[in-house]
Each structure stands twice: as structure tokens, then as C-alpha cells.
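Report on one structure; see the data block that follows.
Owing to the predicted nature of the structure, the values given are computational and were not obtained by experimental measurement. By convention in this document, chain letters (A, B, ...) are assigned in the order of the sequence lines, proteins followed by strands, and residues within each chain are numbered from 1.
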Protein chains: 2
Amino acid sequence: MGTTQLGTVPEPKYWHLRTVLAEALDTEFAVGEILPNERELAARFGVARATLRQALEQLELEGRLQRRRGVGTTVAPPRLGVDVSTPTHVWPGADQDAWQPRDCVLAPAPAPVARLLETAADEAVHTVRRVRVTHGQSVAAELIYVPSASVPELSAIDAPSGPARARSVLRELRRPALDGQDRAVELGSARADDAKELDRLPGAPVLVVTTRYAVAGRIAAVSVATYRADTCRLTFGESGDLEISDQPQERRAS
Amino acid sequence: MGTTQLGTVPEPKYWHLRTVLAEALDTEFAVGEILPNERELAARFGVARATLRQALEQLELEGRLQRRRGVGTTVAPPRLGVDVSTPTHVWPGADQDAWQPRDCVLAPAPAPVARLLETAADEAVHTVRRVRVTHGQSVAAELIYVPSASVPELSAIDAPSGPARARSVLRELRRPALDGQDRAVELGSARADDAKELDRLPGAPVLVVTTRYAVAGRIAAVSVATYRADTCRLTFGESGDLEISDQPQERRAS
DNA sequence: TAGTGGTCTAGACCACTCG
DNA sequence: GAGTGGTCTAGACCACTAA
């Protein structure tokens, strides 16, 4: 038996369909244009609607399509480059950045966050919720967790809730000198509350950026920001003008 | 009308199933354990197999499950933290890093890459392929594109192809002084060749890290690295020991 | 060869948007 | 109310793995 079988691998229909559609998007459609509806596309390609949807899901995951219930499927614009790099010693909300404070509650953090903060699982922490808006679009929702022990002054804030309280907490947060921060990016799916904020359905793919803020050698705060994976490209450094949105074509073997 | 309707939103079955399964994973299963097969699980929960699969797909996307055809569905270990931060002035392959050179060809770059390099779409560029291995696992596949003009010495390399040529090219690449680099992360789906290298099926979700290398104010090289999104968490800075793998629980509204 | 996940079908109904 | 995408069903067959 040969080592590599060339013609014997039957490509799944939905994968082939994805390729065909991707080429059509490049050549026959403009950004924002509406595609024929799923039932018509499925009929046109001679496949079941579920199969056609599998191909569309791929293209949506790659940021090339946008689908909205009740409206239709449109050709997505290139992904927005969103800068997530920060000066090492700057707290969130330090200056007029792109974030809009939404609310702040005092509640126990989720278990994984509590582990990062090295607090008891049931200890209440200040939780600021804010949303990042770029080009008129909500691209990220963030939760910032601050244990009371990190910034004692927080307990003196009297605004009961809402954006006002969130702003106060962020202001007080700037008191302690920040040693540094580090960051991790991973794939996740939007929880119900984030999905609503981002105008997506629950389960939509998101890029989760977890940041730890260190003060005096300890983690003083943790933020978990979820970015829309379909419309965003996270940039670090001065790479805001990067223009990679298309998938590279299939390469030829050597 | 009230501002928030609590019981009126019928949660999709697959989403509810995802939650139930996620809790079961936390409490009843150990890492590596094999779940009952899909047909049995579907029967147990009284749903169609397709619906059950939708829930499993979510959990796989979140890195909590691993599914292998012919084998079964197992509980995934926490995601590997993979450091993707680099000193600003260091070329790839500069020292003994975790990458294994595979091959190098001289071929036209994909259109989006050519745009980044500011080369003609049909101009042949040196393309190094290498694979990143951590803990005995292939976690990323990378293509490094270097136009001949950037490093003239490359044309003198005589190794025809294979890892030897790839190593030679990476060695010559270190000649010009690197001004700096910048980086972007976005969601993509694995092409056939990358999927094979990463032991995944085509279309599997990947985190695409695009790096531009600047020399004398111009982009001298571009690398596109695709990381397995299911098993990897990309870390920047000293955050290698971050331990966020679970999704935060649903939070209570204020 | 038995058992697993992966693909595919042909329907049905629902939730949402918009004219 | 018409049209869209989202969810769901109950099957079928295929590709792959391992005993």
C-alpha cells in the first residue's frame, strides 16, 4: 500500500462547499452584500440545509460571514484590529480609554477567578462590569475582580450600583502602585450575559483575555475580557494596521 | 413591562445540556476519563443525537472535552499555557526554542501575506514550515515567509529541501538586525495541512498568531502560526502559571 | 469485526426582523 | 404576515480505531 493516498480521500461536502463559497465571496460579492437565503443556497448546491449551514458556520467562524436571525447572511467586513497591549504599569480605566463602565457589584467570584486571586471561593469581591466600544460597535465585555483586601478604600464608596459606582471603583483602583501585569488569550464561548452585551447568541465564539494585576508581589486584581471572535483581531504593539483577514489559500506541497 | 424577563426565555436544549454536562464534568468525572458514547448519552437525556452533539461541540470548543473518532469522548486536561511573548529584537529560531523545522520551499505567498510583505502576489518567497512541540504534543504549526530581497544570502543555500534547508534559512535569517516586531491574534480554522500536523480534522478551531518582523522600517518577514485552540492558552509575559481553564459560572444579576 | 465519532438527509417548528 | 436564520428530530451511512 502506498504511503499517501491522493485521490482516495473523499473531502466532506461541507468542507468543499466552504471552499467554493469562500471563492465566491472573494470574486462575486462585496462587503455587506446579502447572500441568498439558506434554503435557496442548499437547493442550488444540491445539499441538505444542515450541510449548507455547516459550511456557513465555518465561514462565520473565520470572520467572513455574518448571520442575523430574521435578516439574512451578509458578507462581513475585515476584522477590526483591537489593541489589547497596555503599558506595564497602568491600571484599567486609568485614562479616557475605549471602555464604558456599566455596573459594579460585591459578590463571590467564579471559582477559577477566586483561585487566581487566592481568595476563598465564597469571599465577596468587587466586580466591575464594563464594555468596550469601537467604531460604534460593542466588541468586548469585561469583568474586573478586586478583593476588598487589595484596595480597602473601596468599602467607603457610597454609590449603590450602576455606572457611577463602577467609575468610583475604577478611580479608587488607581491608588496602589501597580507592579506589573500579565495576560493570556484563549478561546471560549459567550455566556448568556456577555452574549447579550455583545449582541450575539449564547455560545458564540469569543476570545477570552485574562489579565492579572500584581501589587507588591501579589495578585491584586484579575480581569476577564471576552472579545467577539468573529469581528475582532487582537493586536499587540503597534500592529493596529495589520490587514490579515482572509485565510491563506491552500498551499502546494513541496 | 419589566426590564428583565426572567422565566420567559426558553433556553435551547443544547445549551441547557451543555450546562448540565459541564457540571457533571466538574463533579463526576476525572481528567482522561471516557464518557458514555453519543448514542447512549442522547438516549439518557432524551434528545436527538444531533442535539447532544451540539452540546459536546460547545464543550470541546471550551477545551473541556476531547473527541476522537473510533475512540470516544474523554475529559480534557486543563489547557496548556503556551508562551508566545518574545524579546522585541529576536528573530525566530534564534536559540534552542520549542520549534522543530520541517521544510522550506520557494513559492508565492498567499495573497494576504503578500500584502503584508508588500511584495507582488506572484513573487516567490522563502517559506519555512515548522512545528511547535510542548509536553510531547504538537500545539502549533507555523509558516515563516521571507522575501528574497530581505535576506539576499538565502539564495546561496544549497540544501534542496527538508529540515536541513529550513534550518539553514532560519540561520541566515538572523543576519539582519531586527528593529522590532508586532503581533496579532485571531480565530481561524485549520487548513488541511495544518490540521494534519496538529492531529486534528480540517476546520478545527485554531488561534492564528500573525507576527511582522521589521528591519530598517520595512516588513522583512511575516510569520503565521496556528495554535490548537482546544488545547492551548496563549500567554504573554510571565503568566505561564495562570490557571484559568474552567468557564466562570453563570453570574447572578445585581 | 464491533464500536466510536463524523457526515448527511429531509423534513418540522420556533424566534426574530421588518415592511 | 412573510421571510430569515436557529433549533430539533430520527433516521442512514461512512471513516476510523482497537481488540
- Item | Atom of A:Gly203, atom of B:Gln58 and distance for their closest heavy-atom approach | O-NE2, 3.4 Å
- Task: Find out whether A:Pro77 and A:Gln66 are in side-chain contact, i.e. whether some heavy atom of one side chain is under 4.5 Å from a heavy atom of the other.
- Result: yes
- Where are the stems of DNA chain C, defined as at least 3 consecutive Watson-Crick or wobble G-U pairs with both distances under 3.5 Å? C:1-18 with D:1-18
- Query: Counting only heavy atoms not in A:Asp199, do more than 12 fall under 6.0 Å of its CG?
  - Reply: no
- Indicate yes or no for a side-chain donor-acceptor contact from B:Thr235 to the backbone of B:Val82 under 3.5 Å, with no hydrogens or angles considered. yes
- Task: For B:Asp83, enumerate each residue passing the side-chain hydrogen bond (donor to acceptor under 3.5 Å, both in side chains) test, keeping only those at least two apart in sequence or located in another chain.
- Result: B:Ser85
- Note on the structure: side-chain hydrogen bond (donor to acceptor under 3.5 Å, both in side chains) filter on B:Glu40, not counting sequence neighbours, yields B:Arg44
- Ordered by number, residues from residues 50-58 of chain B within less than 4.0 Å of DNA chain D (heavy atoms) are B:Ala50, B:Thr51, B:Gln54
Listed pairs under 3.5 Å, donor-acceptor, residues 47-57 of chain B side chains, sequence neighbours left out:
from    : atom 1 : to      : atom 2 : distance (Å)
B:Arg49 : NE     : B:Glu38 : OE1    : 3.0
B:Arg49 : NH2    : B:Glu38 : OE1    : 3.1
B:Arg53 : NH1    : B:Glu38 : OE1    : 3.2
B:Arg53 : NH1    : B:Glu38 : OE2    : 3.0

- Query: Is a salt bridge present between A:Asp230 and A:Arg200, judged by a nitrogen-to-oxygen distance below 4.0 Å?
  - Reply: yes
- Using a cut-off of strictly less than 4.0 Å, decide whether B:Asn37 has a side-chain nitrogen or oxygen near OP1 or OP2 of C:dG3. no
- Item | Short side-chain N/O contact from B:Arg67 to OP1 or OP2 of C:dG6, under 4.0 Å | yes
Given atom [atom1] of [X] and atom [atom2] of [N], what is their separation to the nearest angstrom?
X: A:Phe45; N: C:dA10; atom1: CZ; atom2: C1'; answer: 19 Å
X: B:Leu41; N: C:dG6; atom1: CG; atom2: P; answer: 13 Å
X: A:Leu201; N: C:dC16; atom1: CG; atom2: C1'; answer: 10 Å

Using the 3.5 Å cut-off, write out each protein N or O paired with an N or O of nucleotides 13-15 of chain C and the distance between them.
from   : atom 1 : to      : atom 2 : distance (Å)
C:dA15 : O4'    : A:Arg69 : NH1    : 3.3

